[in-house]
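Written below as structure tokens is the structure these notes are about.
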Amino acid sequence: MHTSPRLALFPPPPRGLRGRAAELTTLERTIVARAPTRLALVGAGGSGKSMLACALGHRLAPHFAGRVHWFRVGSWDFQTLVEMLALGFGTSRTRARLVAGVRRFLRAGGQRLIVLDNHEDDAAMSRLLQAFADTPTTFVVTARRCLLGGVLIYPVAAPLVTSGGSAFPRVARLTRALRWNPLALDIADAIVASGAARVGELERFLTQKSVESVRVIEHEDDLPEVATLIDWAWKRLGRESRRLLAVLAHIEGDHVDVDSLGKLARVRTHLDRALTPLIDWHLVQEPFDARYTLHAVVRHAIARRTKPDRARVFEHYVSLLEQHPERLLFEQTHLFSAMDYAQRSCALQSILRIDRLMNRLYEG
């Protein structure tokens, strides 16, 4: 997929993409006709924005000759965003040459498609897109909201919601109660498919928990449909499975390899057994083989029940990259998370340690 081994990896094609054929075709035609362009997939938490962007990237890979790249951006500021691109593309990290180096890279070698997943900071994103507006690069942004001019906004709704159909036939009777949310329906479908519960049992549980009651939510990731299913699962999970979820809920980087997950959660034995219900019930996502993450909505529901240990996470990933710099390809966002933690904690030694590591990784 990529022209350089230093690029951030693009996730594999999503499995089980349901009810999105028309949207994929529309987006593909729009980008091919308008490239280079800037497009934002905007929708509520769990509506399927990232999955749609991933499927779109794979569909468009031939058009862009494989020059398709994925970066998780979150709430990073402009400087961090550009440094992440520079590290991914192998361009200069010297502050004075940072933007110019990335711009030269993007201008060379033809058109590119860059997906910027989980955008949260409009000011930083505006600055980033404008900085590279003169390159043959199409940017696809996923966001819960996007207050940016000069960007084509494509609303992402739950699949089949406008036709009243169900993308998950096995749990079709739960579609209305879960308000067509594909994330909630996918979890419910997986629970039923695993044999852990019947549709009627889940329906009664959702009713008892008043899932259809009107209530104020904290923000876009606070979805009662998903939180109620997490409540069902949490009561049936063992202690070690809960610890794995707690680690994933408070990790600020991307996907976590299975060994790191076991170490951070202090699950040294029976790790596979602890992971099994999380995988079977689709509580975790596996974007790459043996690497796990949580959807942001699931993350919020779990984070409310657990406490972070950011110092432990910082030490784990900094030590890991100090000993194995070749792992930067997969651990890049964990490095930037560690950088952010060091700066927020104002720990001079941690900041210097990160700086030495960044220089070493870049020079290597």
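One is the number of the first residue; the rest follow in order along the sequence. This one's a predicted model, so the numbers in the text were calculated from it and none came from an experiment.
Taking both residues in full, the closest heavy atoms of His58 and Pro12 are given as NE2-C, 3.3 Å, listed atom of the first, atom of the second, then distance. In this structure, Arg112 and Ala108 approach most closely via the heavy-atom pair NH2-O, 3.8 Å. Taking each heavy atom of Ala296 and Arg144 in turn, the nearest pair found is CB-NH2, 3.2 Å. Considering all non-hydrogen atoms of both residues, Gly48 and Arg20 come closest at CA-NH2, 4.0 Å.
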Stepwise, does the salt bridge (Lys or Arg N to Asp or Glu O under 4.0 Å) test hold for Glu322 with Arg353?
CA-CA 10 Å; Glu322 286 172 340; Arg353 189 176 172 190; 2.8 Å; yes
Side chain to side chain donor-acceptor pair (under 3.5 Å) evaluation trace for Arg103 with Thr137 = CA-CA 10 Å; Arg103 184 181 290 117; Thr137 304; over 6 Å; no
For the pair Leu278 and Tyr292, evaluate side chain to side chain contact (heavy atoms under 4.5 Å, CB included) and give the outcome as yes or no after the intermediate values. CA-CA 10 Å; Leu278 309 185; Tyr292 298 95; over 6 Å; no
Note to self: If you apply the rule side chain to side chain contact (heavy atoms under 4.5 Å, CB included), what do you find for Leu52 with Leu27, and how did you get there?
What the structure shows: CA-CA 10 Å; Leu52 187 57; Leu27 288 166; 3.8 Å; yes
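Distance alone, capped at 3.5 Å, is enough to place a donor-acceptor pair between the Glu286 side chain and the Ala290 backbone. Formation of a donor-acceptor pair under 3.5 Å by the His334 side chain with backbone atoms of Asp254 is found in this model. Not one N or O on the side chain of Arg310 forms a donor-acceptor pair closer than 3.5 Å with the backbone of Tyr341. Between the side chain of Ser194 and the backbone N or O of Ile191 there is at least one donor-acceptor pair closer than 3.5 Å. Although no hydrogens or angles enter the test, the distance criterion places no donor-acceptor pair under 3.5 Å between the side chain of Ser92 and the main chain of Leu98. At least one donor-acceptor pair closer than 3.5 Å links the side chain of Thr25 to the backbone N or O of Ala21. Judged purely by atom type and a 3.5 angstrom limit, Ser345 uses its side chain to pair as donor or acceptor with the backbone of Ala342.
Sorted by first and then second residue, the pairs that involve residues 75-92 and meet salt bridge (charged side-chain N to carboxylate O under 4.0 Å, His left out), not counting sequence neighbours, are Glu83-Arg93. The salt bridge (charged side-chain N to carboxylate O under 4.0 Å, His left out) contacts involving residues 38-61 comprise Glu28-Arg59, where partners must be two or more places apart or lie in separate chains. The salt bridge (charged side-chain N to carboxylate O under 4.0 Å, His left out) pairs that include a residue from residues 329-345 are Glu252-Arg344, Arg291-Glu331, Arg327-Glu331, Asp340-Arg344, where partners are two or more places apart or lie in different chains.
Side-chain contact between Arg243 and Arg239 is present, with heavy atoms from C-beta onward closer than 4.5 Å. With contacts defined as side-chain heavy-atom distances shorter than 4.5 Å, the pair His250/Val313 does not qualify. The closest side-chain heavy-atom distance from Tyr154 to Thr26 is below 4.5 Å. Looking only at side-chain heavy atoms (C-beta outward), Trp76 and Asp121 stay at 4.5 Å or farther from each other. The side-chain heavy atoms of Ile187 and Val298, taken from C-beta on, include a pair separated by under 4.5 Å. Put simply, the side chain of Leu128 reaches to within 4.5 Å of the side chain of Leu116, judged on heavy atoms. Taking the side chain as every heavy atom from C-beta outward, Leu283 and Trp234 never approach each other to under 4.5 Å. With a 4.5 Å cut-off on side-chain heavy atoms, Leu87 and Leu335 count as touching.
The side chain to side chain contact (heavy atoms under 4.5 Å, CB included) search around Ala338 returns Phe314, Val318, Ile354, not counting sequence neighbours. With sequence neighbours excluded, the residues satisfying side chain to side chain contact (heavy atoms under 4.5 Å, CB included) with Pro325 are Arg360, Leu361. For Gln130, there are no side chain to side chain donor-acceptor pair (under 3.5 Å) partners two or more places apart in sequence or in a different chain. Residues that satisfy the side chain to side chain donor-acceptor pair (under 3.5 Å) test with Asp309, not counting sequence neighbours, are absent from this structure. For Arg198, there are no side chain to side chain donor-acceptor pair (under 3.5 Å) partners, not counting sequence neighbours. Residues meeting the side chain to side chain donor-acceptor pair (under 3.5 Å) test with Ser166, sequence neighbours left out: Thr175.
Aromatic pair Phe71/Phe139: centroids not less than 6.0 angstrom apart.
Within a 6.0 Å radius of CZ in Arg97, no more than 12 heavy atoms belonging to other residues, nucleotides or ligands are found. Shown here is Arg127, whose CZ atom has no more than 12 heavy atoms of other residues, nucleotides or ligands within 6.0 Å. With a 6.0 Å radius and a threshold of 12 heavy atoms from other residues, nucleotides or ligands, Arg305 has its CZ atom above the threshold. Around atom CZ of Arg236, more than 12 heavy atoms belonging to other residues, nucleotides or ligands sit under 6.0 Å away.
Under the 4.5 Å side-chain contact rule for hydrophobic residues, Leu147 and Val151 do not share a cluster. The cluster map of Ile, Leu, Val, Met, Phe, Trp and Tyr, joined by side-chain heavy atoms under 4.5 Å apart, puts Ile351 and Leu321 in different clusters.
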Under 3.5 Å, side-chain donor or acceptor atoms of residues 205-218 against the rest of the protein: list the pairs with distances, not counting sequence neighbours.
from   : atom 1 : to     : atom 2 : distance (Å)
Thr207 : OG1    : Glu203 : O      : 2.9
Lys209 : NZ     : Asp231 : OD2    : 3.2
Ser213 : OG     : Ser210 : O      : 3.2
Arg215 : NH2    : Ser210 : O      : 2.7

Residues 261-273, side-chain donor-acceptor partners within the protein, below 3.5 Å, at least two apart:
none

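Across Thr138, Val140, Leu113, a single residue satisfies side-chain contact (heavy atoms from CB on, under 4.5 Å) together with Leu60, and that is Leu113.
Its side chain within the 4.5 Å cluster rule, Leu352 clusters with Leu348 among the Ile, Leu, Val, Met, Phe, Trp and Tyr residues.
In this structure, a donor-acceptor pair under 3.5 Å is absent between the side chains of Arg72 and Thr142.
Taking the charged nitrogens against the carboxylate oxygens, Asp221 and Arg299 have no contact shorter than 4.0 Å, which rules out a salt bridge.
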